Amino acid sequence: MEQHKIAKKYRLPDAALFCLLTALFFAVTLLLFHRQTTTVTESYKSDMMAYIREMLGTETKYSFPYPVFFKVGAFFHLFTKSPAFAIALATAVLNVLALVISKLSLNTFCASEKKPLLSRVLVTATVFALFLSSMLYLRPMPKLGISWNYLGVFSPTPWHNATYLAARPFMILAFLWGAKLLDRYEQVRTLRDLRENGRDYALFSAFLLLATMTKPSYTIVHLGAAGLIMVWRFLRSKGQNLVSSLYLGLCYLPTFADLLYQYRGVFVPESGAEGGIGFGFLTVWSQYTRNLPCAILQAVCFPLVVLWFHKKELQTHTRLRFSWQIWLMGFAMAALLYEKGFRIYDFNFSWGYMCGIFLVFFTSGEMLIRDLLTGKDRRQRLFALAEALALAAHLCCGIRYFLTLLSGEIYY
């Protein structure tokens, strides 16, 4: 009982702070989404109008065979007469859900018995920093090959794309459970082992399916990264982990079935038009930037700084390693693949890359919190300071970026 009172004593101040900041975050993001749904000029450019028509069943130009976001919007539409407000509210709620999931997860990963209140407050500060961060930018730099603030560089939080934001809570959960299972799936060799781990297998399967049914961008890069990892381990074990691999593979069957349905709806050409997937090095990406190294640095400066100081931990820290593997898969797909036909310059393979950007931010945030809590000597404190300054730079740019969008400037 005494320990419970002590824990409650430290939870309450942080919970109050988190709830206050979350309410403010929800209000300002809802304002942006509402402006995107009610403004038909170029000032608040987004796909919100298409999403509203899809929710109402009147959209004909684009196919959205991933219904979760639209069903959530339809639910809120039951309580409001405005379809625009229902879609804006669905976006804001799902975006905040991702923030809450991140807070709860990092509270668990970064818990400190010696500094319980500080650890929780650091988690709160880091989570809001992660969700408000953007790519680094001052102004477009055409002489360096960077013609846009966002296009070609990309951001962990693309505020103009509601389906990305809606899928993010399920993406985070699928990532966390996927990393957990990659740690131990080879130990599941019998049906008894499978029953003992059945809850985690079922949750992972459900989270990945939900992410797929909201926007499949994360699923594609997750499947690519996890698939290569499992193939490598299968070859390394000379086939001895076949049963374990099959058990984990069962978790992907619902998602594979849904992807086949989505593939037919999105990529199969209609009326003789060109469609399908094309292959080419930077075929689309090169249209938006001529300096890819600089664009990468602008997008993931903070995670790269953290990676430099923690590169040895890639061998032992599954979440950190898996997030970078997903980022690499997202980068490879964005660089090598593109949709044929009229969607080619929509650059839809960039969404998987942005999923990877957010996840390396997420795991790097975890490492930053641990460094701030455990830095014992001058060298470790300097590492933590460098990481914090890099995140602060992304945060400052992100707040500026959000405010410019809120005022009606074009996102790119």
Side-chain angles (χ1 to χ4, degrees), residues 98-112 119-120 122-124 126-127 129-131 133 156-157 167-188 197 199-201 203-208 211 217-219 221-230 232-233 248 251-252 299-300 302-331 352-374 383-384 387 390-391 394:
L99 186 144
V100 172
I101 290 169
S102 299
K103 164 67 172 171
L104 295 175
S105 302
L106 290 177
N107 270 350
T108 302
F109 301 147
C110 304
S112 171
S119 66
R120 287 177 173 273
L122 282 175
V123 167
T124 294
T126 302
V127 165
L130 295 177
F131 275 74
S133 289
T157 301
R168 190 159 53 174
F170 312 119
M171 174 188 82
I172 295 169
L173 291 170
F175 166 75
L176 293 176
W177 258 261
K180 180 191 293 188
L181 293 182
L182 283 175
D183 247 351
R184 67 186 194 212
Y185 81 93
E186 290 178 292
Q187 301 168 15
V188 179
N197 292 272
R199 181 175 176 272
D200 285 333
Y201 275 60
L203 285 173
F204 168 65
S205 184
F207 294 146
L208 189 62
S217 304
Y218 171 70
T219 303
V221 293
H222 179 108
L223 290 176
L228 287 178
I229 293 168
M230 292 175 67
W232 162 249
R233 291 182 181 179
L248 182 57
C251 297
Y252 291 98
V300 290
F302 164 61
L304 285 173
V305 171
V306 173
L307 180 64
W308 177 258
F309 295 133
H310 293 276
K311 50 185 176 291
K312 292 183 180 179
E313 293 180 51
L314 285 174
Q315 297 180 353
T316 57
H317 197 294
T318 304
R319 287 187 298 277
L320 181 65
R321 182 176 66 250
F322 190 41
S323 68
W324 278 104
Q325 289 166 332
I326 288 174
W327 181 87
L328 286 170
M329 181 56 62
F331 173 81
Y353 175 62
M354 280 183 270
C355 291
I357 293 175
F358 178 80
L359 289 175
V360 294
F361 265 79
F362 180 87
T363 55
S364 298
E366 176 187 343
M367 306 308 291
L368 169 61
I369 295 167
R370 291 185 175 183
D371 288 346
L372 290 171
L373 289 171
T374 60
F383 287 173
E387 294 166 357
L391 179 58
H394 281 280

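Not measured: the values here are computed from a predicted model.
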K.L.:
Going by ring pair (Phe, Tyr, Trp, His ring centres under 6.0 Å), name the residues that satisfy it together with Phe204, two or more places apart in sequence or in a different chain.
P.N.:
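Ring pair (Phe, Tyr, Trp, His ring centres under 6.0 Å) list for Phe204, sorted by chain: His222, Tyr252.
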K.L.:
After noting the C-alpha distance and the side-chain angles of Ser119 and Ser112, does the key distance pass the side chain to side chain donor-acceptor pair (under 3.5 Å) rule?
P.N.:
CA-CA 6 Å; Ser119 66; Ser112 171; 5.2 Å; no
K.L.:
Quick check: do Phe207 and Leu176 have side-chain heavy atoms less than 4.5 Å from each other?
P.N.:
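Result no, sub-4.5 Å side-chain heavy-atom pair not found.
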K.L.:
Could you give the distance from CE (Met230) to CG (Leu182), rounded to the nearest 0.5 Å?
P.N.:
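Going from the CE atom of Met230 to the CG atom of Leu182 covers 7.5 Å.
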K.L.:
Surrounding NZ of Lys312 (heavy atoms of other residues, nucleotides or ligands, distance under 6.0 Å), is the total greater than 12?
P.N.:
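At most 12 heavy atoms, drawn from other residues, nucleotides or ligands, come within 6.0 Å of this atom.
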K.L.:
Side-chain contact test, heavy atoms from C-beta onward, threshold under 4.5 Å: evaluate it for Leu228 versus Met329 and give yes or no.
P.N.:
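Answer yes - side chains close enough.
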K.L.:
Assign the ring pair Phe362 / Phe175 to parallel, tilted or perpendicular, where the plane angle (0 to 90°) is split at 30° and 60°.
P.N.:
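Rings of Phe362 and Phe175: perpendicular, as their planes differ by over 60°.
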K.L.:
Look at the rings of Trp327 and Tyr353 and say which category their plane angle falls in: under 30° parallel, 30 to 60° tilted, over 60° perpendicular.
P.N.:
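Tilted, since the angle between the ring planes falls between 30° and 60°.
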K.L.:
Please examine the side chains of Leu314 and Leu307, heavy atoms only from C-beta on, and report whether any two atoms are closer than 4.5 Å.
P.N.:
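Leu307 vs Leu314: side chains touch.
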K.L.:
Go through the structure and list residues passing side chain to side chain contact (heavy atoms under 4.5 Å, CB included) with Glu186, not counting sequence neighbours.
P.N.:
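So Glu186 forms a side chain to side chain contact (heavy atoms under 4.5 Å, CB included) with Arg233, Arg236, Asn241.
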K.L.:
For Lys180, give me all partners under side chain to side chain contact (heavy atoms under 4.5 Å, CB included), at least two apart in sequence or on another chain.
P.N.:
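Checked Lys180 against side chain to side chain contact (heavy atoms under 4.5 Å, CB included); matches are Trp177, Arg184, Asp200.
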K.L.:
Looking at CD1 of Ile101 and CD1 of Ile172, how far apart are the two atoms once the value is rounded to the nearest 0.5 Å?
P.N.:
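Those atoms lie 6.0 Å apart.
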K.L.:
Which residues pass the side chain to side chain contact (heavy atoms under 4.5 Å, CB included) test with Leu372, not counting sequence neighbours?
P.N.:
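Leu372: side chain to side chain contact (heavy atoms under 4.5 Å, CB included) contacts with Leu122, Leu368, Ala384.
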K.L.:
Could you pull out all residues at least two apart from Ser217 that satisfy side chain to side chain contact (heavy atoms under 4.5 Å, CB included)?
P.N.:
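Here the qualifying residues are Lys215, Trp351, Cys355.
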K.L.:
Atom CD of Glu366 and atom NE2 of His310: how far apart are they, to the nearest 0.5 Å?
P.N.:
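Output value for this atom pair is 10.0 Å.
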K.L.:
Not counting sequence neighbours, which residues clear ring pair (Phe, Tyr, Trp, His ring centres under 6.0 Å) with Phe131? List them please.
P.N.:
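Phe131 satisfies ring pair (Phe, Tyr, Trp, His ring centres under 6.0 Å) with Phe358 once adjacent residues are dropped.
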K.L.:
How long is the straight-line distance from CG of Leu320 back to CE of Met367, given to the nearest 0.5 Å?
P.N.:
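It is 5.5 Å, given to the nearest 0.5 Å.
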K.L.:
About how many Å separate CZ of Phe331 and CH2 of Trp324, when rounded to the nearest 0.5 Å?
P.N.:
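Between Trp324 CH2 and Phe331 CZ, I get 11.5 Å after rounding to 0.5 Å.
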K.L.:
How far does OG1 of Thr124 sit from CG of Leu99, to the nearest 0.5 angstrom?
P.N.:
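Between atom OG1 of Thr124 and atom CG of Leu99 there are 9.0 Å.
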